[in-house]
Amino acid sequence: MRRLRGLVIRHRAGTTRTVAALVVVWVVCAAFNVRVVEGVTVADTSATTLTNGHGFQVRLRLDDREKFAALLENDRFEQTPGDQLLTALRGKNVVISFVESYGRDAVEDPEFAPQVGAVLDDGTNRLNAAGFAAQSGFLTSPTFGGGSWLAHDTLLSGLWVDNDQRHRTLLASDRMTLNGAFRRADWQTVGVMPAVSRAWPEGSFFGYERFYDARALGYRGPKFSFGTMPDQYTLASWRRLEQAKRDGRPTMTELALVSSHAPWTPVPDLVDWAAIGNGAIFRGTAKESDDKRRNTEQIRADYRHSIEYTLSALISYVQTYGDDDLVFIFLGDHQPAAVVTGDNASRDVPISIITRDRAVLDRISGWGWQDGLKPGPQAPVWRMDTFRDRFLTAFGP
C-alpha cells in the first residue's frame, strides 16, 4: 500500500484520468448490460465479487471465533490451586519484560548482528562476573512489524492471539494468564506500561495489583519519538516505586520497554542511575531525526542503535541492582517492519532468562536453551503460545 500510494502521488494526473475512464467504462457496460459470459453482466460480476469476498471474510471470522472459544475452554491449569503453582520460584521477584521490535534479525542479520551481538556478549560476561547466569532461545510471535498487544496476549495467556477479534474475546474471558497464576500463588502483581497514556481496560483483565502508566511514572524529560520516556528511566522509576519498597511478599512484574519502537529515531545516552531523577537529565542527549529526510539505511541504523540502547540499559540495571532473588526474563514482542528486515523474514524473537540461582536454570535444563544472552542459529524455536504451559510445568511441583 505504501508503494501504491507513492505511485499514485507521483502520477496524480494520470491516475485521476485512469480511474475516471474505468468508471465510465463500468457505467457504460452496466447501462447496456454488457456480458462477460452468457447471462452475467459486468455489473453483476463486480457486485458478486464484492459480496462473495465480504461473505467469505465473515465466514472466516465466525469460524475463527468458534475455534478460539473452544481453545479458551481447554486450560489444564484452570483449577490448579495456588499452593501448587510456581513452587520452584517461591521468594523470587520475577520480571517478564517485552522489548519492542527485538526480533531474530537483530541477532542474525549481518547488518545488525555484530554490534547487537557485541552488546549481548559483553553483557553476558559482565553479568557472569556479578554472579548471574543466563540462557536463551527463540519464540515465534503471532504478529510482525506491530500489534504488540497480540504478542503480550499470546505469551501470557498460552493462546495464539493473532487478530483483534481473538484479543477482544480473550479480554472478555476468565482465562488464567501468567500474571494470574502468580497472583493465585500469592505474588504481588505489577504492570509497568510507559506507552499507556490513556484509559487502558486491558489492565483489569491481567489483574495487576498495582499499575504504572506514563502519568504514574512521572517523567519530566524530553520526548523521544514514539516513546513517552527512555527505557532507562522506566527501569529506574520501577525500582523507585516498587523494588525499593518491598514489604516481604515477592512481586511479579510485567514490564514494557519501548525505546526501540518505530520510527526508530535517535535514543539518549545512558546516564548514571543515581542521577536520573525525574528525567530532566536526558535533555540534549539526543536529537530527533527529520523523518522527511530519512532513508532506509538511516532507519535501519537507528533501529540497531535503539536495540543496543535498550539491551544495554536492561543489562546495566540487572548488574547494578540485581540480587539473589531476581529472575529476569526478557523477550521481543515481534520483528520490526519489513523496511528493517526485508521481505519474507521469520516471526521469531529472542527470549532470555537471567538469575543468580542455578536451581532456577536447572528447572529448564530440558528446554535446550543456550547459555548466555544471545541465542545462536541452533537454539530451539517454540511458538509463543506454548510458553505459559511450559513455564508453569517447569516451575510447578
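Treat the numbers as computed from the prediction; the structure is a model and nothing was measured. These numbers come from the heavy atoms of this one structure, side chains and all, not from hydrogens, waters or symmetry mates.
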side-chain contact (heavy atoms from CB on, under 4.5 Å) assessment of Lys374 paired with Thr124: CA-CA 8 Å; Lys374 183 176 69 176; Thr124 298; 6.0 Å; no
Glu100/Ser148 under side chain to side chain donor-acceptor pair (under 3.5 Å): CA gap, chis, key distance, verdict: CA-CA 8 Å; Glu100 174 66 38; Ser148 301; 2.9 Å; yes
Candidate pair Ile353 and Val360, rule side-chain contact (heavy atoms from CB on, under 4.5 Å), full reasoning: CA-CA 10 Å; Ile353 182 170; Val360 171; 4.2 Å; yes
Verdict with supporting geometry, Arg239 and Thr320, side-chain contact (heavy atoms from CB on, under 4.5 Å): CA-CA 11 Å; Arg239 172 172 172 76; Thr320 305; over 6 Å; no
Pair Phe330-Val95, side-chain contact (heavy atoms from CB on, under 4.5 Å): steps then yes or no: CA-CA 8 Å; Phe330 70 93; Val95 183; over 6 Å; no
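When all heavy atoms are compared, the tightest approach of Ala262 to Phe226 is O-CB, 3.4 Å. Considering all non-hydrogen atoms of both residues, Thr234 and Ala256 come closest at CG2-O, 4.2 Å. What you find for Glu209 and Gln188 is that their closest heavy atoms are OE2-CA, 3.4 Å. Between Val267 and Ser259 the shortest heavy-atom distance is CG1-O, 3.9 Å. What you find for Asp83 and Thr87 is that their closest heavy atoms are O-CG2, 3.5 Å. Between Tyr102 and Leu373, the shortest heavy-atom distance links the atoms OH-O, 4.4 Å.
With a 4.5 Å cut-off on side-chain heavy atoms, Ser97 and Leu257 count as touching. A heavy-atom distance below 4.5 Å is found between the side chains of Asp164 and Trp149. By the 4.5 Å heavy-atom criterion applied to side chains, Ser352 and Trp369 are not counted as neighbours. The closest side-chain heavy-atom distance from Trp264 to His305 is not below 4.5 Å. The shortest side-chain heavy-atom distance between Arg390 and Phe395 does not fall under the 4.5 Å cut-off. Residues Ile351 and Met384 are not in side-chain contact: their nearest non-hydrogen atoms beyond the backbone lie 4.5 Å or more apart. Here the side chains of Phe391 and Ile364 are not in contact, with every heavy-atom distance at 4.5 Å or above. Contact annotation: the side chain of Tyr303 never approaches that of Val339 to less than 4.5 Å [non-hydrogen atoms, C-beta and beyond].
A continuous path of hydrophobic side-chain contacts links Leu331 to Leu159 [ILVMFWY only; heavy atoms under 4.5 Å]. Using a 4.5 Å cut-off between side-chain heavy atoms of Ile, Leu, Val, Met, Phe, Trp and Tyr, with links allowed through other members, Val258 and Phe206 fall into different hydrophobic clusters. If you chain together hydrophobic residues whose side chains sit under 4.5 Å apart, Val192 and Ile96 never meet in one group. Clustering ILVMFWY residues whenever any of their side-chain heavy atoms sit less than 4.5 angstrom apart, transitively, puts Trp160 in a cluster other than the one holding Leu139. The same ILVMFWY cluster, assembled from side-chain heavy atoms under 4.5 Å apart, contains both Leu178 and Leu171.
Side-chain atoms of Glu73 do not come within 3.5 Å of backbone N or O of Ala70 as any donor-acceptor pair. Without hydrogens or angle criteria, Arg175 side chain to Ser157 main chain gives a donor-acceptor distance under 3.5 Å. In terms of modelled atom types and a separation under 3.5 Å, the side chain of Asn93 and the main chain of Thr251 share a donor-acceptor contact. Tyr233 contributes a side-chain N or O that, together with a main-chain N or O of Leu217, makes up a donor-acceptor pair within less than 3.5 Å. Ser136 contributes a side-chain N or O that, together with a main-chain N or O of Gly372, makes up a donor-acceptor pair within less than 3.5 Å. Checking side-chain atoms of Arg210 against main-chain N and O of Val190 turns up no donor-acceptor pair under 3.5 Å. Formation of a donor-acceptor pair under 3.5 Å by the Ser316 side chain with backbone atoms of Ala313 is not found in this model. In terms of modelled atom types and a separation under 3.5 Å, the side chain of Asp333 and the main chain of Ser101 share a donor-acceptor contact. Between the side chain of Glu308 and the backbone N or O of Val119, no donor-acceptor pair lies under 3.5 Å. Put simply, the side chain of Arg300 never gets that close to the backbone of Phe112: no donor and acceptor are under 3.5 Å apart.
Around the CZ atom of Arg215, the shell of radius 6.0 Å holds no more than 12 heavy atoms that belong to other residues, nucleotides or ligands. No more than 12 heavy atoms of other residues, nucleotides or ligands shown are found within 6.0 angstrom of CZ on Arg65. Applying the 6.0 Å contact sphere to CZ of Arg90 captures more than 12 heavy atoms from other residues, nucleotides or ligands. No more than 12 heavy atoms of other residues, nucleotides or ligands shown are found within 6.0 angstrom of CD on Gln378.
Classification of Arg166 and Asp153 as a salt-bridged pair fails, no side-chain N sitting under 4.0 Å from a carboxylate O. One finds no salt bridge joining Asp63 and Lys67 here, because no Lys/Arg side-chain nitrogen approaches an Asp/Glu carboxylate oxygen to under 4.0 Å.
Atoms CG and CD, on Asp272 and Gln232 in that order, are 8.5 Å from each other to the nearest 0.5 Å. Rounding to the nearest 0.5 Å gives a distance of 10.5 Å between CD of Gln319 and CH2 of Trp273.
Counting only N and O atoms by type, the side chains of His152 and Glu202 include no donor and acceptor under 3.5 Å apart. Side-chain contact, Ser260 with Ser306: no donor N or O sits under 3.5 Å from an acceptor N or O. Side-chain contact of Glu254 with Asn179: a donor-acceptor pair under 3.5 Å is present, judged by distance alone. If you check the side chains of Asp231 and Thr310, you find a donor sitting under 3.5 Å from an acceptor. Asp385 and Thr154 share no donor-acceptor pair across their side chains, judged by distance under 3.5 Å alone.
Using bins of under 30°, 30° to 60° and over 60° for the plane-to-plane angle, the ring pair Phe328/Trp238 lands in the perpendicular bin. Between Tyr208 and Phe211, the ring planes are parallel. Angles under 30° get that label, and only those over 60° would be called perpendicular. Trp367 and Phe387 have perpendicular rings, their planes meeting at more than 60° on a 0 to 90° scale where under 30° would count as parallel.
Evaluated for a side chain to side chain donor-acceptor pair (under 3.5 Å) with Arg104, the options Asp348, Asp109, Thr341 yield exactly one hit, Asp348.
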